[in-house]
Asker: 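This is the structure I have questions about; it appears just below.
Nothing fancy with the numbering, it's 1 onward along the sequence. Counting convention: from 1, in listed order, for ligands and their atoms alike.
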Amino acid sequence: MTTASKTDEVLNELDLLASASRSADTLMAQVVKLLHQRMLKYNWVGFYMIEKSTASGQAPVLVLGHFEGAMTPHTRIPLNQGICGAAASSGKTVVVDDVHSDSRYLACSIETKSEIVVPVFVHGKVVGELDIDSHFPAAFSSEDRQLVEHCAALVGKQLEKSSA
Ligand code: SME
């Protein structure tokens, strides 16, 4: 199977999951599982969500949610730290082809070579993100970026439904 048809197949499965999903939490668990199982270069797949109830005056923090892959030491990431913090604070997808040449990188596994982080929006506001690490350098092509952005958008829509 070509990479393109594999990606299309995974996209179809994701759309089916999203249309049948009753909660954003379940959908996030299903998304990380599917991506981790089916996309062979996606070695760690997880959501970080911005903590809702921080005490007044405290900076917002990204908190690890559903994930597949080895446990990471980074379960709470301030918005001014890491590639994760950069994506959440800018509201933009960040693709890093070589994590070791990026000074923002917070190491999760010594095997990680490249990373993509895509923000999740609810009514135009960043509420979290989908983070994927690969053991392969430059693993995330524009096709991967579209796939991961699609996943983040599906979760954003489901969160909007739940908060309606
Ligand atoms: N590498 C991320 C930290 C999260 S772990 O990869 C799971 C970062 O630089 O923000």
Asker: With sequence neighbours left out, write down each residue that passes salt bridge (Lys or Arg N to Asp or Glu O under 4.0 Å) with D98, or none if nothing qualifies.
Answerer: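 In terms of salt bridge (Lys or Arg N to Asp or Glu O under 4.0 Å), with neighbours along the sequence ignored, D98 is linked to no residue.
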
Asker: Quick check on ligand 1: any N or O pairs to the protein under 3.5 Å? One line per pair.
Answerer:
unit_1: ligand 1; atom_1: 1 (N); unit_2: L106; atom_2: O; d: 2.8
unit_1: ligand 1; atom_1: 1 (N); unit_2: E115; atom_2: OE1; d: 2.9
unit_1: ligand 1; atom_1: 1 (N); unit_2: E115; atom_2: OE2; d: 3.2
unit_1: ligand 1; atom_1: 6 (O); unit_2: D133; atom_2: OD2; d: 2.9
unit_1: ligand 1; atom_1: 9 (O); unit_2: I83; atom_2: N; d: 3.0
unit_1: ligand 1; atom_1: 9 (O); unit_2: L106; atom_2: N; d: 2.8
unit_1: ligand 1; atom_1: 10 (O); unit_2: I83; atom_2: N; d: 2.9
unit_1: ligand 1; atom_1: 10 (O); unit_2: C84; atom_2: N; d: 2.8

Asker: Output yes when a side-chain donor or acceptor of H36 lies under 3.5 Å from a complementary backbone atom of N43, and no otherwise.
Answerer: yes

Asker: Considering residues at least two apart in sequence or located in another chain, which fulfil the side-chain hydrogen bond (donor to acceptor under 3.5 Å, both in side chains) criterion with T93?
Answerer: E149

Asker: Only distances under 3.5 Å count here; give the side-chain donor-acceptor pairs of residues 65-73 to other protein atoms, sequence neighbours excluded, each with its distance to 0.1 Å.
Answerer:
unit_1: H66; atom_1: NE2; unit_2: D25; atom_2: O; d: 3.4
unit_1: H66; atom_1: NE2; unit_2: D25; atom_2: OD1; d: 3.0
unit_1: H66; atom_1: NE2; unit_2: D25; atom_2: OD2; d: 3.4
unit_1: T72; atom_1: OG1; unit_2: H74; atom_2: N; d: 2.9

Asker: Dump the intermediate steps for side chain to side chain contact (heavy atoms under 4.5 Å, CB included) on E160 and V122, then the final yes or no.
Answerer: CA-CA 6 Å; E160 283 178 3; V122 168; 3.7 Å; yes

Asker: With no hydrogens and no angle check, do the side chains of S141 and D144 hold a donor and an acceptor under 3.5 Å apart?
Answerer: yes

